[in-house]
Amino acid sequence: MCGIVGVSNDSNAYKIIIEGLENLEYRGYDSAGFFLAPNKIYKTTSRVASLKSKNKDIVSNCGMGHTRWATTGKVSIKNAHPHQSYHKKFVLVHNGIISNYLEYKYKLIKEGYVFKSDTDSEVIVNYLEYLYSQNSDMDYCLKKLIEDLKGEMALIISMKGDEGLYFVKKGSPLVVGKKDSSFYLASDVLAISNYSDSFYFPNDGEYGYVSKSNSYVINKNEQNSITFNQEQFENNTTTSTGFSCFLLKEIYDQVNLIDAISKTYTSGNKLSLYYQDIKKSLKSSKHINLIGCGSSFNAASYIKSLDHSSHISTYVGSEYVKINKDETYILISQSGETYDLIQLAKKIKKKKAKMIVLTNTPHSTLARMSDITLNMCAGYEKSVAATKSFLASITILTLLTKDISNVTNYLNKVKRSIKYTLKHEDKFNDLAKKISKLTSLYYIGKDIDYAICQEGGLKLKEISYLHVEAMLSGELKHGPIATVNKKFGALGISTKSSSDEKIKTALAEVKCRKAPVFFLSLSKDISEIRFLKGPKYLTGVGIIIGLQILSYKVANILKRDIDKPRNLAKSVTVI
Ligand code: F6R
């Protein structure tokens, strides 16, 4: 994944790079580092904040920074970016993965190059230096890099003695910002939007250069001046004030989220005309394919479980998806940068099939590739675990695929259920305490509740590090029950009274094997905690929010890094 940021011709380069890295840390936080011209490189395996505290008052008007999610080479200082070439001619930061880097590494070793790290990125910088030693035309060298190195790369490059920065875009995201004669580069526009007033999003295969005296982009051998467009982007200066972490704040934000959806999608008690038209086109579409990864896939599963007709199929974004020209493909992605979905989007575009992207990042790569972009309206979601964006996805997709006569009433009922669960947050304390003592847990459900178990279980797993697995109640006895014991329990979920008995029976079968069991249901006489029933299609919304709260509380008891869980990143931009 990784986040990169660069600054050319701004005397505040250091401050802007650190601020940019803080905004990019959601893309990975295994290590961080920066380069400031002419020769300062600093790296850490701690968080970006430690770069800030250790390096005050560095004056430079050109540099770059990197925040890493390790792919090639373990987490260590030597593998942290920026990487410098062997003869110190170039420094670069890289976001992406190069698959044939070993082939070039061996070639370069034969040419006398010595490598300090295990990364593919150091191969890029050394290969660039090697190419430059053969032909000192940078445009030729960058073109050759793109041609020879297989995989993904967004690069920001500094050459010794040169006042500017070079950039390369192949696969991984990159934006170039400008204000007056200063230039800013980053993986995500939010890292530079406070400093730029116009932007250029390079296309795949493009490379170029920015400095005080010259700037250009090269596409298919043709050099042009860069066309910057004036655009405004959402400010991300959100804080978690009043809450112990962003996750908890974002769980509470979900009441406002429903208001934001209402404001964007409705007019009076109905969907606004624009969305009515989209709804009509979905209804008449030959087939709808809902595709996502992780929580976004769970949102797709939820919608599919509401409608077992053959009109909707769901796919995990990384799996095989057959593209048919006359079908509709809805890609769900809060970041809009998920690698597997971008690869799929390219295929959908090639087939000229209809593509709708439901995203929380309207300026993202996927949004820019889609025919129609649906905004999740969730506002900036800073915690790595998805909360608001999951609720936004299922709410918006019910509005667009279900017959709801009074949309305002529908959304008000959703809000009431959320508020009720939030008001009784303390009721989860006891359950969280008991669960925090376990090593493993089945989330047991049926039908739509299985989708809720998948999402609730994923949330608990990723922020508490407990082993959690969603389980169909009927499947438990066909093998999985062999694993339960006093540290491996089960939590039953039921949002339909018709499922209560079946879940109860499954839990009883676990309990008589001395494993702890818990039950959350909309039927108040059997549930550990009471919930307010939501409207048809989002009946279990109170329990969905409850499972988020439960995950937060367990993770809090276990003293986890809730907003930045280990090994994760918010934007999954690699294979
Ligand atoms: C879990 C979570 C992830 C993402 C997944 C897809 O809390 O956030 O499972 O849902 O990585 O990301 P997007 O939605 O950005 O495509």
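Quantities reported herein were computed from a predicted structural model and do not represent experimental measurements. We count ligands from 1, going down the list as the structure has it; atoms in each ligand are counted the same way.
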| request: Answer yes or no: are there more than 12 heavy-atom neighbours, outside Lys427 itself, under 6.0 Å from its atom NZ? | output: no

| task | Would you mind reporting whether Arg368 and Thr365 have side-chain heavy atoms less than 4.5 Å apart? | result | yes

| task | Could you check whether the rings of Tyr275 and Tyr265 sit parallel, tilted or perpendicular, using 30° and 60° as the cut-offs? | result | tilted

| Neighbouring protein residues of ligand 1 - any heavy atom closer than 4.0 Å | Cys293, Gly294, Ser295, Ser296, Ser333, Gln334, Ser335, Thr338, Val384, Ala385, Ala386, Leu458, Lys459, Glu462, Val572

| request: Show the numbers, then the answer: is there a ring pair (Phe, Tyr, Trp, His ring centres under 6.0 Å) between Phe297 and Tyr315? | output: CA-CA 7 Å; Phe297 173 72; Tyr315 294 95; 9.1 Å; no

| request: Test salt bridge (Lys or Arg N to Asp or Glu O under 4.0 Å) on Asp253 and Lys388 and set out the steps. | output: CA-CA 7 Å; Asp253 271 355; Lys388 302 195 273 187; 3.2 Å; yes

| field | Any residue meeting ring-ring contact (aromatic ring centres under 6.0 Å, His included) with Phe243, in chain and number order, not counting sequence neighbours | value | Tyr252

